[in-house]
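I have placed the structure first, in the form of structure tokens, so that the comments after it can refer back to it.
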Amino acid sequence: MKVVTGETMQRMDRRAIEEFGIPGISLMENAGKWCATAIAERFGPAAGRMALVVAGKGNNGGDGYVIARLLRQEGWEVRTIVLARRQEIVGDALVNLERLDSETVTFSPQEGLAPFAPLFERASVIVDGLFGTGLKSDVRGGLAEAINLVNASGKPVVAVDIPSGIDAGSGRVLGTAIKADLTVTFALAKLGHVLYPGAGHCGVLRVVDIGIPPQVSEAVEGIEFVDYDAARILVRPRDRQAHKGTFGHCLVIAGSTGKTGAAAMAANSAVRSGAGLVTLAVPASLNAILEVKTTEAMTLPLPDDGSGRLSEAAAPVALEAIPGKSSVALGPGVSWHPDAASLIRRLVAAIEAPLVIDADGLNALSEDLDVLTRKKSRCLVLTPHPGEMARLTGTATTAVEAARIDTARAFAVQYGVHLVLKGARTVMAAPDGRIAVNGSGNPGMASGGMGDVLTGVLASLLGQGYSPFDACKLGVFIHGHAADLVAADKGETGMSAVDVQERLPLAFKSISS
Ligand SMILES: NC(=O)C1=CN([C@@H]2O[C@H](COP(=O)(O)OP(=O)(O)OC[C@H]3O[C@@H](n4cnc5c(N)ncnc54)[C@H](O)[C@@H]3O)[C@@H](O)[C@H]2O)[C@H](O)CC1
Ligand SMILES: [K+]
């Protein structure tokens, strides 16, 4: 699903009106009609019910007036409270305001909603027409109080276009924001609907067609939101005559004393994601342990002088194992010891196969990013969480989180890598600047080992021949979808990385049927 910013949406509006001659009033009428239909479907029947429309001074309020009129025609009692002065209402919004029975409209530019508490009591549903894509700064004063009153009312809320207070371009809360049960947006979803915290304010999101020509929607740059339908298109059916070699041989270089689980989960997840063969290369003194923790994956002991961690001593055997491998995963559980870090950097500079670097492998890169400019692999995928991203960019985690998309895109383009910036929601960036946002996953994933599982999934898909960006989109979606299947079965609390690892086959199955 393509997702756009509020500004892009407003440009689309103008183009539809100016180039295609579609009157803005028609767009507003269609917007209001869809909202009224959705409200009637979800909160009807009309008899004996009252809808309370809270309108701002712009066209979001204009949509609200259309909704008020149409619900009234359906038999609803409707009251509209306009948190602006009458003379502030202009254009299409004014046309629709004037079509309402003035008895049902109250202007309250100063007092806000406080005097209308009794109306809240009687309302079956509250329609949020305060702000849409025109919100430009933090909501303050009486308007912020109004939002907080609506949220405190305990009544179902339908947000017109976007919950008021959510920034359409980022999903940030600007001061305070409506918590909606249902959001009806127009033509295309906005980033504010799919990025948290905005995504958590929308309730059920419906995207409706209000008559903007497809040539306009198709022409705009957007960001890909990887939902179930988008993932289904990416997954490839398995050839009936396939054999092990068809699905590649993935090499995982991982592990250190105390972190053998990370190595095992990465290797076992590669198996569970359809790799033909998997070899897990670990410090020699841990090899026996990993022989027990893996079955389908083969192990390869790397000389470690008994230290239980990787070092340059492992380089000759590791480099010798690389020819013939279709992908390599580097980093799960390798530890941040200088010996391990220097080996990681040496391997990154030498490996030509598609390469996934995660966890302490990323920290090794942070100490010398030039390695990325000297890399031989045409396909390098980095999978940092925000803290690792902060180290890679030399900034603070808060700065990364405040600009997730821009941070991911800038790094990917600068270093010519694919970057998977984990979090809610995971952002994927390609070296050419393309961005995708993942739509699966849940807070049950906030526990150790989930990243190791993702590393195995990504290395497996790259080894099977998926292109880097497809592997990132599909792999990240499947990883989160597997976690959603676990959550549906046994909840989010206590969900483990191995639970997710073991649901990977079902996750693939569910999007392949
Ligand atoms: N194709 C479409 O998407 C259509 C969208 N429609 C609706 O139009 C709004 C956008 O309307 P706009 O008039 O541009 O702005 P808003 O109604 O969102 O905002 C009202 C008004 O508020 C002022 N403002 C901005 N920030 C603040 C603030 N922090 N505090 C106070 N006031 C603020 C600003 O001046 C705005 O003008 C869109 O969301 C849809 O609902 C069309 O109706 C149909 C087609
Ligand atoms: K709104």
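Quick note: residue numbers are just sequence positions, from 1. Order of appearance sets the numbers: ligands from 1, and atoms from 1 within every ligand. In this text the structure is predicted, and so the values were computed from the model without any measurement.
Taking the charged nitrogens against the carboxylate oxygens, Glu224 and Lys473 do have a contact shorter than 4.0 Å, which makes a salt bridge.
Among all protein heavy atoms, the one lying closest to atom 38 (C) of ligand 1 is Asp161 OD2, 3.2 Å. Atom 34 (C) of ligand 1 has its closest protein heavy atom at Gly134 O, 4.0 Å.
Not a single heavy atom of Gly56 sits under 4.0 Å from any atom of ligand 1.
Taking any N or O of Ile212, backbone or side chain, none lies under 3.5 Å from an N or O belonging to ligand 1.
Taking the side chain as every heavy atom from C-beta outward, Met12 and Leu188 approach each other to under 4.5 Å.
Under 3.5 Å, the side chains of Ser460 and Gln464 contain a donor-acceptor pair of N or O atoms.
Panel note: side chain Arg404, backbone Val400; no donor-acceptor pair is recorded below 3.5 Å. Without hydrogens or angle criteria, Trp76 side chain to Ala47 main chain gives no donor-acceptor distance under 3.5 Å.
For atom 11 (O) of ligand 1, the protein comes within 4.0 Å by at least one heavy atom.
Among the backbone and side-chain atoms of Ile162, an N/O/S atom is found under 3.4 Å from the K ion (ligand 2). At a cut-off of 3.4 Å, Asp128 coordinates the K ion (ligand 2) through an N, O or S atom. Taking backbone and side-chain atoms together, Pro163 has no N/O/S atom less than 3.4 Å away from the K ion (ligand 2). Residue side and main chain included, Leu130 places no N/O/S atom under 3.4 Å of the K ion (ligand 2).
Residues Ile162 and Asp128 approach most closely at O-OD2, 3.8 Å, considering heavy atoms. Between Ala436 and Val226 the shortest heavy-atom distance is CB-CG2, 4.0 Å. For the pair Ala429 and Ile435, the tightest heavy-atom approach, listed with the atom from each and the gap, is CB-CD1, 3.7 Å.
Under 4.0 angstrom from ligand 1, the non-hydrogen atoms of Asp63 all belong to its side chain. In Phe186, the part holding a heavy atom less than 4.0 Å from any atom of ligand 1 is the side chain. The residue Thr185 has no part lying near ligand 1, judged by heavy-atom distances below 4.0 Å. When non-hydrogen atoms are compared, ligand 1 lies under 4.0 Å from the backbone of Asn60 as well as from its side chain. Only side-chain heavy atoms of Gln10 come within less than 4.0 Å of ligand 1; its backbone N, CA, C and O stay farther off. Proximity of Leu174 to ligand 1, defined as any heavy-atom pair under 4.0 Å, is not found for any part of the residue. Contacts between Lys57 and ligand 1 below 4.0 angstrom, taking non-hydrogen atoms only, involve the side chain exclusively.
Near Leu143, meaning under 4.0 Å from any of its heavy atoms, are these atoms of ligand 1: 31 (C).
In this structure, Tyr415 has its ring center under 6.0 Å from that of Phe411.
Between Phe477 and Tyr228, the ring-plane angle classifies as perpendicular under the 30° and 60° cut-offs.
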